[in-house]
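Order of the sequence lines sets the chain letters (A, B, ...), proteins ahead of strands, with each chain counted from 1.
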Number of protein chains: 2
Amino acid sequence: MQGHSIGLLSKRTGVKVTTIRYYEGRGLLPDPGRTGGGQRRYGDAELDRLSFIAHARQLGFDLDAIAELIALQETPHAAHGDAHRIAKDRIIEIRDRIARLRRLEAELVRVVKSCDGQSDGQPCRVLNALADHQACESEH
Amino acid sequence: MQGHSIGLLSKRTGVKVTTIRYYEGRGLLPDPGRTGGGQRRYGDAELDRLSFIAHARQLGFDLDAIAELIALQETPHAAHGDAHRIAKDRIIEIRDRIARLRRLEAELVRVVKSCDGQSDGQPCRVLNALADHQACESEH
DNA sequence: CTTGAAGCTATAGTGGCTGTAGGTTGTATC
DNA sequence: GATACAACCTACAGCCACTATAGCTTCAAG
Ligand SMILES: [Zn+2]
Ligand SMILES: [Zn+2]
Ligand SMILES: [Zn+2]
Ligand SMILES: [Zn+2]
């Protein structure tokens, strides 16, 4: 039978077979054609769409955002506003997370430094430092 | 009845009541005493331990790591090695995530810049840029 | 025509909670 | 002592984005 099998799509895109079926259940991929025996067969359009989904996932978009982006692709006229907003929101989110992680990193470096680890038999001050938010230099 | 109610622990630590019960189920908190009617009553030791858990969570440790840290606190002799390792592993993890997020940020900035958004009626190039990993400047 | 890889559905599990339903208990006020 | 009501209880379902398992069927090569 003609068309791409689910395994071929998986190999081409790096998305696991089970995940492709999951995307179908979530409505990100259309119900594909089936062979007489019930196996899925895809065309190139589905392959392209799955590649898009895979790449957007790698860039950290969640499935709802991806669904929105796909809907925008389908609209005959361009809707720059929405697409730009979704991408910019994602940038803001990433920057927030980076800022937060940097604060955490600084606190943890401080925590590790708090104990020299030399005094065997003495309690580890790392554990005290972990318990004590008072000693933290930033909110987190 | 004497002792702190679960609601009081919640207020003191900022951990939701349902979450405290969840921690108990996960074995992070001991089975507390109960009133005649079956409500939980805690002592100061449990309050301290919950504060420790809450703070370690804020610093991004997962519950398994926290369980390990608590076990270390209970050991009579200090085990610096394990505590330091857990904290250092966490730092490494955070640094990896920051590096990854920075790569994503750079790609997304490039994606957003790829379309000036002026050409209404023309398809949004953000969508093309999102589809195209070839154009990406780094792995992600 | 046989074999075995690849496909199918359905269901449960992951982490770290959150939310809901439907009932019981503790405490303050009268 | 009665009443009201917040706080508590258990048990279970749901969240996200998958992943894993079990038990079965189909496809394609030799
Ligand atoms: Zn130490
Ligand atoms: Zn802190
Ligand atoms: Zn645009
Ligand atoms: Zn890319």
Side-chain angles (χ1 to χ4, degrees), chain A residues 1-29 31-42 46-47 49-50 52-70 90 93 97 100 104 140, chain B residues 1-29 31-42 46 50 52-70 86 89-90 93 97 100 104 140:
Chain A
M1 179 129 187
Q2 59 193 5
H4 314 305
S5 70
I6 196 169
L8 188 80
L9 257 74
S10 174
K11 242 171 240 157
R12 290 283 185 79
T13 60
V15 178
K16 297 206 172 118
V17 167
T18 43
T19 306
I20 297 174
R21 289 195 283 250
Y22 171 73
Y23 288 164
E24 181 185 321
R26 284 287 306 258
L28 291 171
L29 290 170
D31 284 5
R34 301 274 184 150
T35 64
Q39 298 194 0
R40 290 167 178 80
R41 287 298 178 267
Y42 296 94
E46 283 80 20
L47 180 56
R49 180 179 285 195
L50 181 57
F52 178 85
I53 296 170
H55 194 232
R57 282 295 295 137
Q58 282 164 25
L59 292 173
F61 291 89
D62 65 27
L63 297 184
D64 283 347
I66 293 173
E68 225 179 318
L69 290 168
I70 289 172
R90 177 83 195 122
E93 200 186 312
R97 283 173 58 189
R100 174 154 197 282
L104 294 189
H140 49 102
Chain B
M1 176 118 187
Q2 59 194 5
H4 314 305
S5 70
I6 196 169
L8 187 80
L9 256 75
S10 174
K11 241 171 240 156
R12 289 284 184 79
T13 60
V15 177
K16 296 207 174 119
V17 166
T18 44
T19 306
I20 296 174
R21 288 194 283 251
Y22 172 74
Y23 288 163
E24 183 184 322
R26 283 287 305 258
L28 291 170
L29 289 172
D31 284 7
R34 301 274 185 152
T35 63
Q39 298 196 0
R40 290 166 178 82
R41 287 297 179 270
Y42 296 94
E46 282 80 20
L50 182 57
F52 178 85
I53 296 169
H55 194 233
R57 282 295 297 137
Q58 283 165 24
L59 292 172
F61 292 89
D62 64 27
L63 296 185
D64 283 347
I66 292 172
E68 225 178 318
L69 290 168
I70 288 173
I86 292 172
D89 283 356
R90 178 82 195 123
E93 198 187 313
R97 285 173 59 189
R100 174 153 198 282
L104 294 189
H140 48 99

Using whole Å, report how far [atom1] of [X] lies from [atom2] of [N].
{"X": "B/Ile20", "N": "C/dT18", "atom1": "CD1", "atom2": "C1'", "value": "14 Å"}
{"X": "B/Leu50", "N": "C/dC17", "atom1": "CG", "atom2": "P", "value": "11 Å"}
{"X": "B/Leu28", "N": "C/dG15", "atom1": "CG", "atom2": "C1'", "value": "13 Å"}
{"X": "B/Arg57", "N": "C/dG15", "atom1": "CZ", "atom2": "P", "value": "12 Å"}

Using a cut-off of less than 4.0 Å, is there contact between a side-chain N or O of [X] and OP1 or OP2 of [N]?
{"X": "A/Tyr23", "N": "D/dA17", "value": "no"}
{"X": "A/Thr19", "N": "D/dT19", "value": "yes"}
{"X": "B/Lys16", "N": "C/dT18", "value": "yes"}

Has B/Arg90 got a side-chain atom pairing as donor or acceptor with B/Ala65's backbone, closer than 3.5 angstrom? no
Expected string for nucleotides 7-16 of chain D under the B/S/- scheme (protein heavy atoms, under 4.0 Å, primed atoms plus P, OP1, OP2 as sugar-phosphate) is -SSB------
Considering every strand and a 4.0 Å limit on heavy-atom distances, what is the contact class for A/Phe61: base, sugar-phosphate, or nothing? nothing
Indicate yes or no: does A/Arg21 engage A/Glu24 in a salt bridge with an N to O separation below 4.0 Å. no
A/Arg49 and A/Glu46 ion-paired at < 4.0 Å: no
Given A/Thr35, which partner from the list A/Arg41, A/Arg40, A/Gln2 fulfils the side-chain contact (heavy atoms from CB on, under 4.5 Å) test? A/Arg41
Test salt bridge (Lys or Arg N to Asp or Glu O under 4.0 Å) on A/Asp64 and A/Arg26 and set out the steps. CA-CA 9 Å; A/Asp64 283 347; A/Arg26 284 287 306 258; 3.2 Å; yes
If we only count heavy atoms from C-beta on, is the A/Leu9 to A/Val15 side-chain gap below 4.5 Å? no
